[in-house]
Engineer: 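The structure follows.
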Amino acid sequence: MTITSPHLGSPSVWTDARLLYALEEVVEKELNRHLKVAKDWMPHEYVPWSDGRNFPGFFEDGTAWDKEQSKVTEIGRIALVVNLLTEDNLPSYHHEIASLFGRDGAWGTWVHRWTAEEGRHGIVMRDYLLASRAVDPDKLERFRMAHMSEGFTSDNGHSMLHSVAYVAFQELATRISHRNTGHQSGDPVCDRMLARIATDENLHMVFYRNLLKAAFEIAPDPTMQAVRDVVVNFRMPGHGIPGFERAAAQMAIGEVYNLRIHHDDVLQPVLRHLKVLEIDGLGPEGRRAQEELGLFLGGLDAEALKFDERLAARKARMAARAGA
C-alpha cells in the first residue's frame, strides 16, 4: 500500500492536539457509521432470573454458594471472573480515554457512547453470574474491591496515537476472549450472553481500526512507531487482577486466550486489514519500526508454535491417562 497523502516527516511535529484535530472528521464519520449498525439490546433479557436464589446474610432462607451449583466448566469460571473484573474497571478506562480524546465534539460523543455500551457488559455478566450461581459471589466481590481499589493506568496514556493503536488490538482481543469463554463454558445461556457482548466488542474494534487506518494516511511514520510499540509491549487491561498470571496460564491451556490465539486471531487480522507491513513511503524511523514489527511477529509465531507443541503433548498425556 502506498501512502500518497503528504506528511511532515518528523514524528515530533504531530502533537496529540494536532492529531485530535486532524482526525475529528474521521471520528464523526465512524461514529455515525457505528450508530447505524449498532443494535440496541437489553442486558436483563440475557439473564436466567428464574435460576436465582437468595444468598445468606439478611435473608434467613439464603443458601450459601457451592461449586456444585455452577453450570459452567472450571475454565469457564476462571475466564468469567477475569473477563468480568476487566469490565469492572470501566470508570478508570473512561477516565483514561476522556483525558486523551476529550469530552467535546465527535471525540467526546464517541467516548460517552463507548462507555455506555461497555457498561452493559459488566451489568449482564454480573447478573448472569449471580443468578446462575456460576462463581463464588464472595470471592468475586473481594476481587472486584481489590482490583478497582488499585485503579488502572494505561501503558499508552502518554500518547494519543499509542492509545488508538492499543484499543484497535485490545477490543479484538476482548472479543476473542469473551467468545472463547462462551464456547468453553459448557452453558448455552452463558455462550449466548457472551456472543452478544462479543458483537459489541467487534464493532468497537472496527471503529478504532478505521481510525488507525486514517492515522496511517496522515501521519504514517509516528503511527507505524506506535503500532510497533503497542504490539511488542501488548498486555491485556486486566493484568492487575489478583492472581491474573495464574488465571492467564489456565486460560491459555484451556484455549480461551493464548499465544497462538493472540498471534492468529488478534494481531494478524488487524495488521493484514491495514496492510501495515506493506506500507511504503515511510521515513527512516517508520521503516525501522516496520522492520522491527515484522521481526517481532516472526518471533512471536515461533513462540506460539512451541506453545502449540506443548499443548498438544499435554492433551496426548491426558488422553492416555483417561484411557488407562
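FYI, the numbering just counts along the sequence from 1. Computation of the quantities below employed the complete heavy-atom set of this structure, encompassing side-chain atoms and omitting hydrogens, waters and symmetry-equivalent molecules.
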Engineer: For H34, does the NE2 atom sit with more than 12 other heavy atoms under 6.0 Å from it, leaving out its own atoms?
Structural biologist: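 For H34, atom NE2 is crowded (more than 12 foreign heavy atoms under 6.0 Å).
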Engineer: Looking at R314, I'd like to know if its CZ atom is crowded, meaning that more than 12 non-hydrogen atoms belonging to other residues, nucleotides or ligands lie closer than 6.0 Å.
Structural biologist: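 Check fails, neighbour count at 12 or below.
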Engineer: Which heavy atom of F244 sits nearest a heavy atom of G238, and at what distance?
Structural biologist: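 Closest approach of F244 to G238: CD1-O, 3.1 Å.
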Engineer: Could you verify whether a donor N or O on one side chain and an acceptor N or O on the other, from Q170 and T174, lie under 3.5 Å apart?
Structural biologist: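 Their side chains do contain a donor-acceptor pair, which is all the 3.5 Å distance test asks for.
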Engineer: Should M193 and C190 count as side-chain neighbours, where that means a heavy-atom distance under 4.5 Å?
Structural biologist: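 Yes, side chains in contact.
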Engineer: Between CZ of R120 and CD of E87, what distance do you get to the nearest 0.5 Å?
Structural biologist: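 Separation between the atoms: 13.0 Å.
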Engineer: Are L267 and L300 packed together at the side-chain level, in the sense that at least one heavy-atom pair is separated by less than 4.5 angstrom?
Structural biologist: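 Yes, close enough: below the 4.5 Å cut-off.
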Engineer: Please verify the inter-ring angle class for H121 with H178; under 30° counts as parallel, over 60° as perpendicular, anything in between as tilted.
Structural biologist: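 Geometry flag for H178 against H121: perpendicular rings.
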Engineer: Taking it one step at a time, do R288 and E291 satisfy salt bridge (charged side-chain N to carboxylate O under 4.0 Å, His left out)?
Structural biologist: CA-CA 5 Å; R288 184 179 300 110; E291 291 168 1; over 6 Å; no
Engineer: For the OH atom of Y93 and the CD1 atom of I97, what is their distance to the nearest 0.5 Å?
Structural biologist: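 The CD1 atom of I97 is 11.5 Å from OH of Y93, to the nearest 0.5 Å.
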Engineer: Does the pair L282 and Q290 meet the rule for a side-chain contact (heavy atoms from CB on, under 4.5 Å), with working shown?
Structural biologist: CA-CA 9 Å; L282 297 165; Q290 188 180 49; 3.6 Å; yes
Engineer: Distance alone, cut at 3.5 Å: any donor-acceptor contact between the side chains of N233 and Y166?
Structural biologist: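 Checked: N233/Y166 side chains show no N/O donor-acceptor pair below 3.5 Å.
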Engineer: In terms of heavy-atom contacts, does CD of E150 have more than 12 from other residues, nucleotides or ligands at under 6.0 Å?
Structural biologist: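 Count not over threshold, so no.
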Engineer: How about F296: does its CZ atom have over 12 heavy atoms from other parts shown lying under 6.0 Å from it?
Structural biologist: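 Counting neighbours around CZ of F296, more than 12 heavy atoms of other residues, nucleotides or ligands fall under 6.0 Å, so yes.
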Engineer: Between D187 and Y128, does a side chain to side chain donor-acceptor pair (under 3.5 Å) hold up when you go through it step by step?
Structural biologist: CA-CA 11 Å; D187 180 9; Y128 163 79; 2.5 Å; yes
Engineer: Side chains of W14 and D221: closer than 4.5 Å at any heavy-atom pair?
Structural biologist: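 A side-chain contact under 4.5 Å is absent here.
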Engineer: So do S154 and E96 actually touch side chain to side chain, heavy atoms under 4.5 Å?
Structural biologist: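 Result yes, sub-4.5 Å side-chain heavy-atom pair found.
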Engineer: Are the side chain of Q69 and the backbone N or O of D66 linked by a donor-acceptor pair below 3.5 Å?
Structural biologist: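 At least one qualifying donor-acceptor pair exists.
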Engineer: Ignoring hydrogens and angles, state whether a donor on the side chain of H147 or D88 is under 3.5 Å from an acceptor on the partner side chain.
Structural biologist: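 Result is no, nothing qualifies.
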Engineer: Can you tell me how far OG1 of T15 sits from CG of L161, rounded to the nearest 0.5 angstrom?
Structural biologist: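 So the CG of L161 and the OG1 of T15 are separated by 10.5 Å.
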Engineer: Once rounded to the nearest 0.5 Å, what's the spacing between atom NE2 of H263 and atom CG of L305?
Structural biologist: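 So the gap between those two atoms works out to 10.5 Å.
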Engineer: Looking at F234 versus H262, is the centre-to-centre ring distance below 6.0 Å?
Structural biologist: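 Distance test on ring centres: under 6.0 Å, yes.
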Engineer: At their closest point, which heavy atom of A168 faces which heavy atom of M205, and how far apart are they?
Structural biologist: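 Distance-wise, the nearest heavy atoms are O-CG, 3.3 Å.
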Engineer: What's the spacing between L172 CG and R179 CZ if we round to 0.5 Å?
Structural biologist: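 Nearest 0.5 Å value for the CG-CZ distance: 13.5 Å.
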Engineer: Cation-pi check for W110 against R113: NZ or CZ below 6.0 Å from the six-membered ring centre and within 45 degrees of the axis, yes or no?
Structural biologist: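 Because its charged atom misses either the 6.0 Å distance or the 45° angle limit, R113 does not stack over W110.
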Engineer: Are the aromatic ring centres of W41 and Y46 under 6.0 angstrom apart?
Structural biologist: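 Centroid distance W41-Y46: below 6.0 Å, so yes.
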Engineer: Is there a path of hydrophobic side-chain contacts, each under 4.5 Å between heavy atoms, that joins V189 and L129?
Structural biologist: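 Yes.
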Engineer: Mind checking whether F101 and Y208 have parallel, tilted or perpendicular rings, split at 30° and 60°?
Structural biologist: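 The rings of F101 and Y208 sit tilted, inter-plane angle from 30° to 60°.
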Engineer: In the structure I gave you, are the side-chain heavy atoms of D136 and R77 within less than 4.5 Å of one another anywhere?
Structural biologist: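 Side-chain contact under 4.5 Å: no.
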Engineer: Report the residue from E28, K29, E30, E24 that forms a side chain to side chain contact (heavy atoms under 4.5 Å, CB included) with V26.
Structural biologist: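 For V26, the side chain to side chain contact (heavy atoms under 4.5 Å, CB included) check succeeds only for E30.
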Engineer: Could you walk me through whether R103 and V111 satisfy the side-chain contact (heavy atoms from CB on, under 4.5 Å) test, starting with their C-alpha distance in whole Å, then the side-chain angles of each, then the deciding distance to 0.1 Å, before giving a yes or no?
Structural biologist: CA-CA 7 Å; R103 301 169 185 271; V111 166; over 6 Å; no
Engineer: Walk me through whether K67 and E74 qualify under salt bridge (charged side-chain N to carboxylate O under 4.0 Å, His left out).
Structural biologist: CA-CA 9 Å; K67 183 187 288 188; E74 180 67 21; 3.8 Å; yes
Engineer: Are side-chain N/O atoms of T181 and N83 paired as donor and acceptor at under 3.5 Å?
Structural biologist: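 There is such a pair (donor and acceptor under 3.5 Å, judged by atom type) between the side chains of T181 and N83.
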Engineer: Measure the shortest side-chain to side-chain distance between M224 and R287 over non-hydrogen atoms and say whether it is less than 4.5 angstrom.
Structural biologist: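 No. Closest side-chain heavy atoms not under 4.5 Å.
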Engineer: Apply salt bridge (charged side-chain N to carboxylate O under 4.0 Å, His left out) to the pair D155 and R235, showing each step before the final yes or no.
Structural biologist: CA-CA 9 Å; D155 295 333; R235 56 180 182 167; 2.8 Å; yes
Engineer: Quick check with a 6.0 Å cut-off and a 45 degree axis cone: is R33 positioned over the face of F207's six-membered ring?
Structural biologist: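 Cation-pi check for R33 and F207: fails.
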Engineer: In terms of side-chain geometry, is the basic nitrogen of D308 or R260 positioned less than 4.0 Å from the acidic oxygen of its partner?
Structural biologist: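 Answer for the salt bridge query: yes.
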Engineer: Take atom CG of D61 as the centre, draw a 6.0 Å sphere, and report whether it contains more than 12 heavy atoms from other residues, nucleotides or ligands.
Structural biologist: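 Buried by this count: over 12 neighbours within 6.0 Å.
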Engineer: For E118 and H204, test the side chains for any donor-to-acceptor distance below 3.5 angstrom and give the result as yes or no.
Structural biologist: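 There is such a pair between these side chains.
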Engineer: Show your working on salt bridge (charged side-chain N to carboxylate O under 4.0 Å, His left out) between K306 and E309 and close with a plain yes or no.
Structural biologist: CA-CA 5 Å; K306 293 178 183 177; E309 292 170 348; over 6 Å; no
Engineer: Start with the C-alpha distance between R209 and L274, add both sets of side-chain angles, then the distance that settles side-chain contact (heavy atoms from CB on, under 4.5 Å), and finish with yes or no.
Structural biologist: CA-CA 8 Å; R209 186 190 64 191; L274 298 177; 4.1 Å; yes
Engineer: Atom CZ in R126, atom CG in L80: separation rounded to 0.5 Å?
Structural biologist: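 Taking CZ in R126 and CG in L80, the distance rounds to 12.0 Å.
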